Amino acid sequence: MFDLSSYNTFNLTVYAQAGRVITAPEDLTQPLGGPYIILGAGSDVLFTEDFAGTVLINRIGGIELGSKVDERGAPNDLGDHILVRVGGGVLLDELIDYLLDQGICGLENLSLIPGTVGAAPIQNVGAYGVEIGTFIAQIEARDVLSGKQVILSGEQCRFGYRTSIFKEQGWSSLFITHVTFKLPLKFTPKVNYAGLQSCEFKQARALRERVIALRNEKLPNPKYVGNAGSFFKNPYVSAQVVAQLKERYEQVPCYPQSDGSFKLAAGWLIDKANCRGIKHGQVGTWGNQALVIVNLGGAKPHEVVALAKYVSAEVQNKFALDLVPEVRLYGKHGELSWDQI
Ligand code: NAP
């Protein structure tokens, strides 16, 4: 049995039948038989029970500056941008820190997001108005079922709100070995979120430090409190639903989208459903951000599931809105949908 407790940031004690640490794409040339799960830092997963298969852990390292997407070797006309090819096992926050030391910016709003570079494109991680997919020029992957290499351009990855092609059926067998980013050398601060608006940032590192401070104020550090970040996605609703909500809550936070819909803040809905800072057994919701479910010490997977179901039922009762997990759910035989747990 392979102990997964140090491979999931919820810190749940769960086991897989086997585990393999992957340090190079060549480790994946043999097609894999049987059930498998691909893991980065395990920061966006909930194991609901032990897994009867093999866990592949991405630890492919390396950061190459100035690499070319264009294999003809022609000098790319990148203007004031640079291409950076990164191993999928590199931690995203360590990459951001390193890039800023080299004068390369763009990713600073994503500071302190736990997880690896290889996992980040799967749910198109985002924070403070920036999504990682915007900067992805190319992804190299191995199909673990065939052992073949697959290369996708950024456009082919179909990045959306907390989603990408890698979550679609038929594409989930891709193990992301390298991500090539196209990043600006010139700093353009993105400061439309509260907490950033009133500050003047002359350097990208100052913006990174502010984001780190904001996150530390609000979010539990998985090093000390087991959690998987935002548990649920923010729901998108119609203008009609927003109008109805405003009759009851004048100040409801909502963000208009280009398609006419509105994004609601799941953390706000959970709070208003009286589920902020609650505790059920060894599991709770975080007092400073109700969207995060935390392991208060020695929690069991079923307790996390029970609390998540409770929270979503309370939001449904209060607002008639469905919350859907952002966290990926895994059971004995592989990935599960929300309705299956
Ligand atoms: P917050 O400021 O309390 O805001 C609540 C929600 O409202 C956020 O989820 C955010 O949506 C949305 N929002 C706030 N200001 C907005 C604006 N100016 N324009 C559009 N949408 C806005 O949230 P928080 O908990 O402190 O988190 C701050 C940021 O860190 C958010 O972007 C959040 O998504 C991000 N974060 C991401 C992860 C992850 O990727 N797993 C984990 C934790 C926090 P969005 O979530 O769409 O930005």
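We use all heavy atoms of the structure for the numbers below, so side chains are in, but hydrogens, waters and symmetry mates are not. Start at 1 and go down the list; that is how both ligands and their atoms are numbered. These figures come from a predicted structure and were not determined experimentally.
Residue W268 places no heavy atom under 4.0 Å from ligand 1. Contact between A194 and ligand 1 is absent, with no heavy atom of the residue lying under 4.0 Å from the ligand. Using a 4.0 angstrom heavy-atom cutoff, G126 counts as in contact with ligand 1. A265 counts as a contact of ligand 1, since one of its heavy atoms falls under 4.0 Å from the ligand.
Scanning the protein for heavy atoms near atom 33 (C) of ligand 1, the closest one is R162 NH2, 4.2 Å. For atom 41 (N) of ligand 1, the closest heavy atom belonging to the protein is E326 OE2, 2.8 Å. Ranking the protein heavy atoms by distance from atom 27 (O) of ligand 1 puts Y128 OH, 4.3 Å first. In this structure, atom 25 (O) of ligand 1 lies nearest to the protein heavy atom Q289 NE2, 2.5 Å. The protein non-hydrogen atom at the shortest distance from atom 14 (C) of ligand 1 is Y255 OH, 3.2 Å. Looking only at heavy atoms of the protein, atom 35 (C) of ligand 1 is closest to A127 CB, 3.5 Å. Looking from atom 9 (O) of ligand 1 to the surrounding protein, the closest heavy atom is N234 ND2, 2.9 Å. Summary of contacts: the protein heavy atom closest to atom 1 (P) of ligand 1 is K218 NZ, 3.6 Å.
With respect to D27 and R142, no salt bridge is recorded, no charged nitrogen being found less than 4.0 Å from a carboxylate O. D44 and R162 are not joined by a salt bridge, as no carboxylate oxygen comes within less than 4.0 angstrom of a charged side-chain nitrogen.
D339 and S337 are not linked by any side-chain donor-acceptor pair at a separation below 3.5 angstrom, with hydrogens and angles left out of the test. Side-chain N/O atoms of D322 and Q316 include a donor and acceptor closer than 3.5 Å. When only modelled atom types and interatomic distance are considered, N58 and T116 share no side-chain donor-acceptor pair under 3.5 Å.
Residue contact check: Y161 has heavy atoms under 4.0 Å from atoms 47 (O) of ligand 1.
Distance check on atom 18 (N) of ligand 1: some protein heavy atom falls below the 4.0 Å cut-off.
Taking the six-membered ring where the residue is Trp, the centroids of Y236 and Y161 are separated by under 6.0 Å.
Judged purely by atom type and a 3.5 angstrom limit, T285 uses its side chain to pair as donor or acceptor with the backbone of C275. The backbone N or O of V179 lies less than 3.5 Å from no partner atom in the side chain of R85, so there is not a single donor-acceptor pair.
Of the N or O atoms in S230, none lie within a sub-3.5 Å distance of an N or O in ligand 1. Note: an N/O pair closer than 3.5 Å links N192 and ligand 1 by distance alone.
Taking the ring axis of W286 as reference, the NZ or CZ atom of K218 does not stay both within 45° of it and closer than 6.0 Å to the ring centre.
For the side chain to side chain contact (heavy atoms under 4.5 Å, CB included) test with F181, the passing option among L83, T134, I132, I82 is I132; the others fail.
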